[in-house]
A.B. asks: 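Take a look at this one; I'll ask things after.
Given the structure is predicted, the values throughout are model-derived calculations rather than measurements. In each ligand, atom 1 is the first atom listed, and ligand 1 is the first ligand listed.
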Amino acid sequence: MFISFEGTEGVGKSTLIRKLHAHFLNLNHDVVLTREPGGTPLAEKIRSMLLAVDNDESMSADTELLLMYAARSQHLNQVILPALSANKIVLTDRFCDASFAYQVKGRGLDQNKLELLNQNFVTRLPDITFWLDAPIEMGMARARERGALDRFEQEKMEFFNKVRAGYQYLYEQYPQRIIRLDATQNEEQVFQQALRALNQTD
Ligand code: TMP
């Protein structure tokens, strides 16, 4: 089973992933916990470039998209696909939907560019995607509490509202795969929502 977790900043993805990871381990499943951009040593280096606020030049939206896919290709082939072949459960903090929400809807890139990359480099989609949804103000307050903001977190509210609308659009397009979780609830309630959804898809 391949599960991805999506949402705007500070909606509680990491907490939910940690809880589900522990849950699957308790059930004696083999689980791989990973993230994007990142998940392999090389992809983590690409992540550092993507999140750095002190780049000497500003990063174009095209470069951002291509770096996301360079990292994704590495991650998919080195980590995700081998784990799925070995019958492990893969939990990834973000996958392709983030590129649609952030690079296409947020940055305004042509969707054809993304589709070209998906068609050529993404050979496997998640079975289930949990979209943790909460108002942007709420998530940003949590992100600020965590400390220094990365290059994405420094974006304006307007950007994140577009990203959130991007996830809403995907949710409507792929109701079978994408499950919306009400991330305004507390950690335990969000976890229970996810467990209920997983039981329904068994
Ligand atoms: P994180 O905050 O979940 O660790 O993710 C790092 C940032 O990367 C986050 O602000 C969203 C952004 N991102 C994209 O813009 N496009 C993508 O395809 C992915 C995977 C992440």
Side-chain angles (χ1 to χ4, degrees), residues 2-18 20-21 33-40 42-53 55 58-80 90-111 113-118 120-122 124-126 129-134 136 138-167 169-170 178 181 183 190:
F2 179 20
I3 309 179
S4 64
F5 298 80
E6 299 281 356
T8 45
E9 319 300 309
V11 286
K13 280 184 291 111
S14 321
T15 309
L16 175 62
I17 295 172
R18 253 185 283 119
L20 281 175
H21 184 226
L33 188 63
T34 187
R35 69 170 178 183
E36 288 209 354
T40 81
L42 180 56
E44 288 290 330
K45 285 188 190 166
I46 299 175
R47 177 188 177 90
S48 301
M49 285 195 268
L50 280 160
L51 299 193
V53 285
N55 285 325
S58 70
M59 187 181 291
S60 77
D62 281 341
T63 301
E64 187 177 282
L65 177 73
L66 292 168
L67 285 176
M68 289 293 175
Y69 273 80
R72 178 160 300 134
S73 172
Q74 196 69 15
H75 182 221
L76 183 62
N77 291 299
Q78 302 296 320
V79 176
I80 298 177
V90 175
L91 306 179
T92 182
D93 189 340
R94 300 192 186 279
F95 197 61
C96 291
D97 298 324
S99 299
F100 177 82
Y102 282 77
Q103 279 66 54
V104 173
K105 291 297 177 189
R107 302 283 190 221
L109 282 183
D110 184 342
Q111 195 174 340
K113 291 181 177 173
L114 179 83
E115 276 164 15
L116 192 79
L117 291 166
N118 280 338
N120 286 281
F121 300 107
V122 180
R124 180 75 151 82
L125 278 178
T129 297
F130 285 117
W131 169 38
L132 285 84
D133 187 36
I136 303 302
M138 199 175 157
M140 283 314 292
R142 283 194 215 157
R144 273 191 290 270
E145 276 167 24
R146 286 198 299 243
L149 300 179
D150 67 34
R151 199 172 59 83
F152 287 95
E153 289 166 342
Q154 290 187 357
E155 286 293 336
K156 299 191 179 65
M157 296 293 274
E158 189 195 345
F159 174 80
F160 291 112
N161 280 316
K162 288 187 207 160
V163 172
R164 187 181 182 201
Y167 281 124
Y169 174 86
L170 288 172
I178 303 181
L181 301 179
V190 174

A.B. asks: Would you name the heavy atoms of D150 and V53 that are closest together and state the gap between them?
C.D. replies: C-CG1, 3.7 Å
A.B. asks: Quick one: list whatever passes ring-ring contact (aromatic ring centres under 6.0 Å, His included) with F160, sequence neighbours left out.
C.D. replies: none
A.B. asks: Would you please name every residue forming a salt bridge (charged side-chain N to carboxylate O under 4.0 Å, His left out) with K113, sequence neighbours left out?
C.D. replies: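 Salt bridge (charged side-chain N to carboxylate O under 4.0 Å, His left out) list for K113, sorted by chain: D62.
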A.B. asks: Show every side-chain hydrogen bond (donor to acceptor under 3.5 Å, both in side chains) that has at least one partner inside residues 94-103, sequence neighbours left out.
C.D. replies: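 Matches after skipping sequence neighbours: E9-Y102, E64-Q103, R72-S99, R94-Y102, R94-Y167, D97-R177.
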A.B. asks: Checking side-chain contact (heavy atoms from CB on, under 4.5 Å) between L181 and each of V11, D133, L16, which is the one that passes?
C.D. replies: L16
A.B. asks: Got the residues with a heavy atom under 4.0 Å of ligand 1, by chain and number?
C.D. replies: E9, K13, E36, P37, R47, L51, M68, R72, D93, R94, A98, S99, Y102, Q103, F152
A.B. asks: Among L91, I17, I3, find the residue that satisfies the side-chain contact (heavy atoms from CB on, under 4.5 Å) test when tested with F130.
C.D. replies: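 That would be I3; it is the only one of L91, I17, I3 passing the side-chain contact (heavy atoms from CB on, under 4.5 Å) with F130.
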